[in-house]
Amino acid sequence: MIKLRRRHLTAQGKEKLLQLGIQINPKTKRKKCCPCLDWSERKFHVGGHLGAALLIFFEERNWIERVAGYREVTIPPKGQAELKRHFLI
């Protein structure tokens with residue numbers, strides 16, 4: 001599981017990202033990671049550069065699929081299995 005501590009990744013979280021091959025740009029002008037409140041469900045998710053990197057990573061591997069015309073994604077069975085395996089979600 002990737003853990004955030006006061007808007008920073010833990011050492012364990014950084015290691016997990018490296019194991020998966022997720023690159024985080026240390027010189028980004030975006031916030032590196034931050035909580036972002038989903039306006040529709042009123043739940044927090046990971047935002048900033050890390051959130052964008054995770055979105056791209058998940059989408060490239062078909063772990064998530066965007067819903068055309070909406071700002072939402074669905075998680076197919078493959079994605080459910082991989083998210084559970086790697087992130088305990």
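For the numbers below, each heavy atom of this structure counts, side chains included, while hydrogens, waters and symmetry mates do not.
- When side chains are defined from C-beta on, I24 counts as touching I22, because their heavy atoms get closer than 4.5 Å.
- Residues V67 and V73 form no side-chain contact, since every pair of their non-hydrogen atoms from C-beta on lies 4.5 Å or further apart.
- Within the 4.5 Å cutoff, the side chain of D38 has no heavy atoms near those of the F44 side chain.
- Across every non-hydrogen atom of K32 and T28, the tightest pair is CG-CG2, 4.3 Å.
- Using a 4.5 Å heavy-atom cutoff, the side chains of L88 and L83 are not in contact.
- No side-chain heavy atom of I75 sits less than 4.5 Å from a side-chain heavy atom of F58.
- Rounding to the nearest 0.5 angstrom, the gap separating the CZ atom in R30 from the CG atom in N25 is 11.0 Å.
- Between W63 and F87, the ring-plane angle classifies as perpendicular under the 30° and 60° cut-offs.
- Pairing each heavy atom of A53 with each of Q23, the nearest pair is CB-O, 4.2 Å.
- The hydrophobic clustering, which links ILVMFWY residues whose side-chain heavy atoms are closer than 4.5 Å, places I56 and L20 apart.
- Here salt bridge (charged side-chain N to carboxylate O under 4.0 Å, His left out) pairs that include residues 73-89, with residues two or more places apart or in two chains, are E82-R85.
- In this structure, CD on Q80 lies 9.5 Å from OG1 on T74, to the nearest 0.5 angstrom.
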Report task. Test side-chain contact (heavy atoms from CB on, under 4.5 Å) on K31 and H49 and set out the steps. Result -> CA-CA 6 Å; K31 290 180 183 178; H49 180 65; over 6 Å; no
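- Under the salt bridge (charged side-chain N to carboxylate O under 4.0 Å, His left out) criterion, the residue pairs touching residues 54-65 are E59-R66, with sequence neighbours excluded.
- I89 is connected to F57 through a chain of hydrophobic side-chain contacts under 4.5 Å among Ile, Leu, Val, Met, Phe, Trp and Tyr, so both are in one cluster.
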